Amino acid sequence: MARLLPPHAWRSKGTIALARSLLGKHLVRRRRGGGVEAHLITEVEAYQGEADLASHARRGRTARTAVMYGRGGVWYVYLCYGVHEMLNLVVGPPEHPAAVLIRGLDGISGPGRVTRALGIGRELNGKPAARRTGLWLEDRGVRVPRGRVRASARVGVAYAGPVWAAKPWRFRWEPPARYRAGG
DNA sequence: TACTCGATCGGA
DNA sequence: CCGATCGAGTAA
C-alpha cells in the first residue's frame with residue numbers, strides 16, 4: 001500500500017519535524033523509458049530560515065534561493081562544487097525559506113551519489129514533488145521510531161560559524177533488514 | 001568584469 | 001591530502 005505524498009503535505013510549519021518525517025519515506029523516480037524505481041530515504045539535513053548561516057537563504061532572496069521562498073513541496077536542485085547536483089525538498093509555507101537536503105537512500109550514501117544514481121539534475125529545480133515531474137514521494141507504511149534516528153551536526157558547513165554549524169539537524173536512520181532492498 | 005568559494009567525491 | 005569544475009554572490 002503506497003500512499004502518494006502530494007506537494008501540500010510539505011507546507012506546514014516545523015522544518016525539523018518535516019525533515020525527520022522524510023526518513024522512511026520512498027523517493028520514487030520514473031526513468032526515461034517508463035521504468036519506476038523507489039528508494040528508501042535514510043539520511044536528510046534541514047536548513048531553515050535566513051538566520052541559519054549554513055543555509056543558502058542566509059543572504060536573503062536571490063535568483064538561486066527564490067525557490068526556497070515559495071511553497072513547500074517543490075524540488076530545489078543546485079550545483080555544488082561545480083560537480084555535483086544536490087537534491088532538496090522545499091518545505092513550509094511561502095516566504096519562509098526552508099529546505100531538506102536528501103543526503104542518503106538505502107544503499108546510496110552521499111547527496112552527490114543520490115542524484116547521480118537517480119539521474120537527477122537542475123531541470124527539476126522548482127518542479128513539484130508529483131508524478132508528472134517524474135520524481136515524487138510516497139509513504140509505503142515504513143515506521144521509523146524516534147529512538148532509531150540519530151541526530152548530528154550537518155556536514156560541510158563550517159563556514160556557518162560554531163553556533164550554526166553545530167545545530168543537530170542531520171538525521172540518519174539505519175533501516176531494519178526487512179525494509180531494505182531484497183530484505 | 002574580476003574575483004572567491006562552496007550543503008562533494010574520488011583518487012593519490 | 002588534493003584537484004575537479006562552474007555558477008552564484010559580492011565587490012567594484
Side-chain angles (χ1 to χ4, degrees), chain A residues 7 10-11 13-25 27 29 39-129 133 135-137 144 149-174:
Chain A
W10 309 103
R11 290 173 187 166
K13 298 175 182 174
T15 303
I16 303 304
L18 288 172
R20 295 184 67 122
S21 76
L22 270 170
L23 296 174
K25 301 303 188 295
L27 180 65
R29 178 67 164 149
H39 299 266
L40 193 57
I41 297 174
T42 58
E43 181 175 350
V44 299
E45 274 177 3
Y47 292 84
Q48 55 168 339
E50 296 180 346
D52 179 0
L53 297 184
S55 171
H56 290 168
R58 68 189 179 279
R59 300 184 199 283
R61 187 182 207 125
T62 66
R64 182 173 62 159
T65 62
V67 62
M68 294 178 73
Y69 287 79
R71 293 185 294 183
V74 308
W75 302 115
Y76 168 42
V77 186
Y78 68 92
L79 183 66
C80 185
Y81 291 98
V83 180
H84 301 107
E85 313 276 352
M86 301 282 110
L87 174 67
N88 297 252
L89 180 68
V90 174
V91 298
E95 303 307 316
H96 182 259
V100 180
L101 172 65
I102 310 294
R103 283 195 66 88
L105 307 172
D106 180 29
I108 306 171
S109 181
R113 290 175 174 178
V114 166
T115 54
R116 187 158 55 96
L118 301 203
I120 292 165
R122 279 164 286 174
E123 70 279 359
L124 279 161
N125 187 49
K127 300 279 173 45
T133 66
L135 187 67
W136 67 97
L137 294 158
V144 179
V149 175
R150 288 141 63 197
S152 59
R154 294 170 292 181
V155 176
V157 296
Y159 59 82
V163 172
W164 291 97
K167 297 287 184 187
W169 292 344
R170 175 194 190 190
F171 301 103
R172 282 177 290 174
W173 169 64
E174 182 87 19

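Letters go in sequence order (proteins before strands), and every chain restarts at 1. Being a predicted model, the structure only gives us computed values, none of them experimental.
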For DNA chain C, produce a single dot-bracket line, 5' to 3'. Pairs: Watson-Crick or G-U wobble, both distances under 3.5 Å. Symbols: ( ) within strand, [ ] crossing, | other strand, . unpaired. ||||.||||||.
Between A:Arg122 and A:Glu85, does a salt bridge (charged side-chain N to carboxylate O under 4.0 Å, His left out) hold up when you go through it step by step? CA-CA 7 Å; A:Arg122 279 164 286 174; A:Glu85 313 276 352; 3.2 Å; yes
Using the P atom as the point on both nucleotides, what is the distance between C:dT5 and B:dA2, in whole Å? 22 Å
Report, as a single string ordered 5' to 3', how protein heavy atoms within less than 4.0 Å touch nucleotides 2-12 of chain B: B base, S sugar-phosphate only, - not at all. ----BBBSS--
Atom CZ of residue position A:Arg71 - does it have more than 12 heavy atoms of other residues, nucleotides or ligands inside 6.0 Å? no
Inter-residue atom distance A:Leu27.CG - A:Leu135.CG, 0.5 Å rounding: 5.0 Å
Which of these, A:Val157, A:Val100, A:Val155, sits in a side chain to side chain contact (heavy atoms under 4.5 Å, CB included) with A:Glu45? A:Val155
Please lay out, stage by stage, how A:His96 and A:Tyr69 fare under the test side chain to side chain donor-acceptor pair (under 3.5 Å). CA-CA 6 Å; A:His96 182 259; A:Tyr69 287 79; over 6 Å; no
Please determine which of A:Arg58, A:Arg154, A:Lys167 meets the side-chain hydrogen bond (donor to acceptor under 3.5 Å, both in side chains) test together with A:Asp52. A:Arg154
Does the side chain of A:Leu53 come within less than 4.5 Å of A:Val163's, by heavy atoms? no
Does A:Thr62 put a side-chain nitrogen or oxygen below 4.0 Å from OP1 or OP2 of C:dA8? no
Do the side chains of A:Val67 and A:Val90 get nearer than 4.5 Å, heavy atoms only? yes
Tell me what A:Arg170 touches on the nucleic acid: a base, only sugar-phosphate, or nothing, going by heavy atoms under 4.0 Å. nothing
